[in-house]
Amino acid sequence: MAIKSFHPPQRILMGPGPSDVSPRVLGAMARPTLGHLDPLFVNMMDEMKELLKYAFQTQNDLTMPISAPGSAGMETCFVNLVEPGDKVIVCQNGVFGGRMKENVERCGGIAVMVQDDWGRAVDPQKLEDALKANLDTKVVAFVHAETSTGAISDAKTLVAIAHKYGCLTIVDAVTSLTGSPLKVDEWEIDAIYSGTQKCLSCTPGLSPVSFSARALEKIKNRKSKVQSWFMDLNLVMGYWGGATKRAYHHTAPINALYGLHESLVILQEEGLENSWARHHRNHLALRAGLEAMGLKFVVPEGERLPQLNALTIPEGVDDAAVRNALLNEYQLEIGAGLGVMAGKVWRIGLMGHASNQRNILLCLAALDDILGRFKAPVKNGVAVAAAQKVFAG
Ligand SMILES: *Cc1c(COP(=O)(O)O)cnc(C)c1O
């Protein structure tokens with residue numbers, strides 16, 4: 001048996017993540033591996049922390065990437081901030097809020113769920129009502145950008161309500177970081193996590209996190225040990241920590257970190273505000289094309305994420321057949337529905353490096369062609385021109 005090297009084709013990734021990775025990031029990852037305590041590597045880690053602080057808009061010292069994907073960033077926040085018996089309010093409006101509940105319960109906490117319709121933002125009034133009814137709540141958690149539905153919630157308002165009731169906040173920013181306005185310090189978010197494979201356009205497998213001084217206080221004064229050895233920030237800080245000498249905790253994913261460093265350098269070159277504006281502008285162009293065809297958004301205007309466009313699949317159209325044709329004929333990946341939305345929606349991502357004019361025009365032309373051939377109830381021949389009109393200003 002002679003298994004050969006694996007050579008994947010060049011796809012265009014316009015799903016819910018991973019998104020297209022910049023060639024500069026892939027190039028950075030192919031550079032020579034250093035030791036994880038090499039002074040040059042430690043220097044790069046310090047730069048990375050500065051770049052992440054910029055991306056998160058924070059001065060938090062405890063800002064770094066966890067060596068595992070977004071779900072591990074989520075788990076890091078919960079295992080460090082939730083002790084057995086702690087009551088945690090989780091606002092759920094999609095798949096990822098359900099994962100938060102799992103985390104609370106596995107930490108021995110008591111999860112109080114505040115449910116909103118999938119496809120809508122979290123309702124601040126419902127959070128306030130739940131806090132009034134549960135004055136012993138310690139932590140409030142919610143997803144800023146629900147990738148499963150394409151809805152964005154008002155993080156600033158939700159955090160302010162949580163603080164009024166003396167709670168710490170855990171915010172999922174896996175899809176929002178660098179794609180939508182997000183200001184950790186100004187909004188006083190206590191614990192936040194993200195992922196590298198969405199709007200950061202890096203490869204999957206790392207999870208940037210940031211913790212406020214308030215959160216750190218709670219972690220340092222825990223009555224019980226953090227249940228996870230790997231994610232215990234008291235230990236992780238020994239490697240990623242400030243001025244003190246770095247000690248071995250685990251072997252950092254050196255080359256993956258080169259990739260994240262490069263993607264953050266690219267962000268710095270573009271400018272954070274410009275990145276937010278680009279995601280917004282490109283969403284408007286894609287939207288014009290999709291709506292010209294007669295396709296309908298799941299999320300009402302004003303609550304839509306620019307980087308994740310969820311559409312209702314038209315009546316009688318075979319979900320998987322369309323996505324397969326896009327993949328096989330156009331090398332274009334879009335996302336299927338998740339959870340209760342499986343088979344009902346498509347999710348078109350415009351994240352990071354993939355959020356550009358060429359991709360939007362290609363995606364619209366490809367959908368126009370394929371939906372036409374599938375005899376879907378859409379208007380053909382108008383989508384590309386509608387998007388071009390937006391690009392022309
Ligand atoms: C993708 C995603 C996650 C999980 O990230 P992984 O890297 O897949 O573990 C969590 N929350 C949201 C909102 C996401 O979009």
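When a ligand or atom number is given, it counts from 1 through the structure's own listing order. Numbers here are sequence positions counted from 1. Please read all numbers here as calculations on a predicted model, not as lab measurements.
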- Considering distance alone, does some N or O of G70 sit under 3.5 Å from an N or O of ligand 1? yes
- ligand 1 atoms nearer than 4.0 angstrom to some heavy atom of A145 are 13 (C)
- For atom 11 (N) of ligand 1, what's the nearest protein heavy atom and its distance? D172 OD2, 2.7 Å
- Item | Distance from atom 4 (C) of ligand 1 to nearest protein heavy atom, with residue and atom | S71 OG, 3.6 Å
- For atom NZ of K87, is the number of surrounding heavy atoms from other residues, nucleotides or ligands below 6.0 Å larger than 12? yes
- Message: Quick check: T147 and ligand 1, any N/O pair under 3.5 Å apart?
- Response: yes
- Locate the shortest heavy-atom distance separating G109 from V82; write the atom from each residue and the value. CA-CG1, 4.0 Å
- Decide yes or no for V322 and W346: does some side-chain heavy atom of the first lie under 4.5 Å from some side-chain heavy atom of the second? yes
- Check ligand 1 against T175 and write out every atom of the ligand that is under 4.0 Å from a heavy-atom position of the residue. 15 (O)
- Contact between S207 and ligand 1, counting heavy atoms under 4.0 Å? no
- Considering all heavy atoms of both residues, which atom of S180 and which atom of Q307 are nearest to each other, and what is their separation? OG-NE2, 3.0 Å
- Task: Tell me which part of P204 gets within contact of ligand 1: side chain, backbone, both or neither, using heavy atoms under 4.0 Å.
- Result: neither
- Message: Surrounding CZ of R106 (heavy atoms of other residues, nucleotides or ligands, distance under 6.0 Å), is the total greater than 12?
- Response: no
- Does H144 come within less than 4.0 angstrom of ligand 1, counting non-hydrogen atoms of the residue? no
- Query: Is E146 in polar range of ligand 1, meaning some N or O pair under 3.5 Å apart?
  - Reply: no
- Note on the structure: min-distance protein heavy atom vs atom 14 (C) of ligand 1 -> K198 NZ, 3.2 Å
- Quick one: sort the H249 and F230 rings into parallel, tilted or perpendicular, breaks at 30° and 60°. tilted
- Query: Does the distance from a Lys or Arg side-chain N to an Asp or Glu carboxylate O, for K218 and D86, drop under 4.0 Å?
  - Reply: yes
- Item | Ligand-residue contact atoms, ligand 1 with Q197, heavy atoms, under 4.0 Å | 6 (P), 7 (O), 8 (O)
- Message: Between E146 and R120 (salt bridge meaning N to carboxylate O under 4.0 Å), is one present in this structure?
- Response: no
- Query: Given side chains that start at C-beta, do those of V209 and T63 come closer than 4.5 Å, heavy atoms only?
  - Reply: no
- Task: Give the residue and atom name of whichever protein heavy atom lies nearest to atom 3 (C) of ligand 1, and the separation in Å to one decimal.
- Result: F96 CE2, 3.4 Å
- Distance-only N or O hit between ligand 1 and Y193, under 3.5 Å: no
